[in-house]
Amino acid sequence: MKSSSTLATITLCGSLALFAGTVSAETIRVGIGHQSMVTNTVSGGIVLEKLDLLKKHLPTTGRYENVKYDIVFRDYDSGPPITNQMLANKLEFGVMGDYPLIVNGAKFQETGRQETRFIGLTGYNLRGTGNGIVVPINSSVQSLADLEGKALSVPVGSAAWGMTLKALSEAGLSGKVQIVNQSPAVGVANIQAGRIDAHADFCPWSEIMEFRGTGRKIYDGSEAGIPTFHGIVVRERYAKQYPEVVEGVLKATLEAQKWIQENPMEAAVKVSEWTGVEKEVLYLYFSEGGITTAEASIKPEWIEAMKYDLDLLKREVGVPDLDFDRWVDDTYLRAAYQAMDLDYDALVSSVVDTQPNNPALKPAEIWFSDKGIVTFESVADMLAAADSADTPIYATYVYDNLTGLKLFGKAAYLVRGDDGEVVAFLKKADSEKHIANYGGTPVKPESALAKAY
């Protein structure tokens, strides 16, 4: 028989063991700052949240067996507020555009106390399309030169802001155009009401204004000559403490990207329901041949583009320096790719670009209300189908004859040749040059053809 003192000792030890087990259960916060209204970031934010992908991929074995995760999604309309929240230790991850990513890394390194790591992409366009400058639909402005002495609004600190600085500088307009800091929603409303001369924004706001018929693009990001992309940064101390959690977030992002790639129409419909961005706009980005390539690898092209962007930001607005060798870290992403049985190096060396008259893509599409997406062998065939359609048409899609960029049929400048074939252009000047060189007439959205717009 055990003595009372022995029983007491056993009871005490058992209580201490129970207590120790209770306090050892760790809670790890996974705080992600994202931008649900930005097409290039949805695979790192809203899709993870709505499809519950983090719970599927966060680690639950080994040191994480008894861990509880405090998953936090915070939605912002641009990147700079996310950086502020990360600096305040209120978020672990940030999903933002190329210029805000650079500022994030530079601001953290400047503190001398903490840093972030750039760990992967959520979406890109090699040509820079996604950013754009828009004027009210009835404005007389046709080019950047026409903006001299006028006011242009832009979310300061955003990818579109960086594009605007570059565009104005190269056009000799630095200091000759008044730049006003406005959020996307405010800028879009002001364009619709004609209260601002021009508004520059990131994806997909230019296309939202085009689709709604309130704005007209006078400058496309592809004219800047450098890629645009969005990606993920993480606080460096957090990543070192919980590398498997970082890998889990990236694996969830890879699954989100795969879902978008394989189901572009479904993704457009679902993300529209979650965000309010029109499904037709989202399909323009998500579809095959669309504006966004949802792929995460960190390519040399992105680093070179950011180094160029940093020099611009240092010169124009005094952004501090950034040590890219310290900041860029693809080790977590490589681990995620390996876990998902994907060849990281093969994807690094493969860059999706557009090409005019791409034989792999049908030249035109209609999104019918009843039949979904229907492709056509020519733009002329698409227009004829739209003319005879007896059901509502959500949108039409064509490709720029010079760059291969995907466009809304309603926003493109269409030219019908003497042979009856129709070609599409992103810019009015390009369509006029085509007519001067080859003949043809502009296609106007009149009568039944308006249904295709």
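Just so it is clear, the model here is predicted, and its values are computed rather than measured. Atoms considered below: every heavy atom in the structure, side chains included; atoms not considered: hydrogens, waters and symmetry mates.
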May I ask you to decide whether [X] forms a salt bridge with [Y], counting only side-chain N to carboxylate O separations under 4.0 Å?
X	Y	answer
E148	K150	no
K166	E170	yes
D220	K427	no
E115	R326	yes

Decide if atom [atom1] of [X] counts as having more than 12 heavy atoms of other residues, nucleotides or ligands within a radius under 6.0 Å.
X	atom1	result
K258	NZ	no
E236	CD	yes
Y438	OH	no

Backbone N/O of [Y] and side chain of [X]: donor-acceptor pair under 3.5 Å:
X	Y	answer
D387	L383	no
D343	A346	yes
T129	G221	no
Y344	A335	no
H230	T122	no
S139	V135	no
N181	V156	yes

Pair F368 and Y394, ring centroids less than 6.0 Å apart: no

Aromatic ring proximity F425/H434, centre distance under 6.0 Å: yes

If we count only N and O atoms by modelled type, under 3.5 Å, do the side chains of [X] and [Y] hold a donor and an acceptor together?
X	Y	value
R216	N138	no
E255	H57	yes
S153	Q182	yes
T403	R127	no
W274	S36	no

Summary of side-chain hydrogen bond (donor to acceptor under 3.5 Å, both in side chains) pairs that have at least one residue in residues 285-301, sequence neighbours excluded: N40-T292, E207-Y285, S287-K406, E295-S297, E295-K299, E295-Y337, S297-K299

Where [X] and [Y] come nearest, the two heavy atoms and their spacing:
X	Y	answer
E316	L165	CB-CD1, 4.1 Å
P204	V277	CG-CG1, 4.1 Å
A252	L53	O-CD1, 3.6 Å
L250	A336	CB-CB, 3.9 Å
Y76	G33	CE1-CA, 4.3 Å
D77	P184	O-CG, 3.8 Å

Y238 vs V30, side chain to side chain contact (heavy atoms under 4.5 Å, CB included): CA-CA, chis, key distance, verdict: CA-CA 10 Å; Y238 181 91; V30 185; 3.7 Å; yes

In Å and rounded to the nearest 0.5 Å, what is the [atom1] to [atom2] distance from [X] to [Y]?
X	Y	atom1	atom2	value
L168	M163	CG	CE	8.5 Å
L407	K217	CG	NZ	7.5 Å
L147	D197	CG	CG	7.0 Å
K251	Y332	NZ	OH	15.0 Å
I393	I366	CD1	CD1	4.5 Å
K307	D309	NZ	CG	12.5 Å

Given W302, Y124, Y99, the one that forms ring-ring contact (aromatic ring centres under 6.0 Å, His included) with F229: W302

Quick one, [X] and [Y] - any side-chain contact, counting heavy atoms below 4.5 Å?
X	Y	result
E280	L284	no
P442	I435	yes
F118	M306	yes
I179	V154	yes
I119	V246	yes
I102	L322	yes
I82	P100	no
K107	V319	no

Candidate pair D345 and R334, rule side chain to side chain contact (heavy atoms under 4.5 Å, CB included), full reasoning: CA-CA 9 Å; D345 290 321; R334 286 181 177 274; 3.0 Å; yes

Listed partners of S143 passing side-chain contact (heavy atoms from CB on, under 4.5 Å), at least two apart: A145, D146

Partner set under side-chain contact (heavy atoms from CB on, under 4.5 Å) for M265, not counting sequence neighbours: Y283, W367, I373

Full working for salt bridge (Lys or Arg N to Asp or Glu O under 4.0 Å) between E210 and R212: CA-CA 6 Å; E210 285 182 328; R212 294 176 182 174; over 6 Å; no

Chi angles and distances behind the salt bridge (Lys or Arg N to Asp or Glu O under 4.0 Å) call for E377, K362: CA-CA 6 Å; E377 296 296 330; K362 298 296 184 182; 2.6 Å; yes

Whether F211 and F408 hold their rings parallel, tilted or perpendicular, with breakpoints at 30° and 60°: tilted

Full working for side chain to side chain contact (heavy atoms under 4.5 Å, CB included) between T116 and V234: CA-CA 5 Å; T116 57; V234 62; over 6 Å; no

Step-by-step side chain to side chain donor-acceptor pair (under 3.5 Å) determination, T228 to N125: CA-CA 6 Å; T228 186; N125 183 280; over 6 Å; no

N104 and V233: CA distance, side-chain angles, deciding distance, side chain to side chain contact (heavy atoms under 4.5 Å, CB included) verdict: CA-CA 8 Å; N104 176 284; V233 284; 3.8 Å; yes

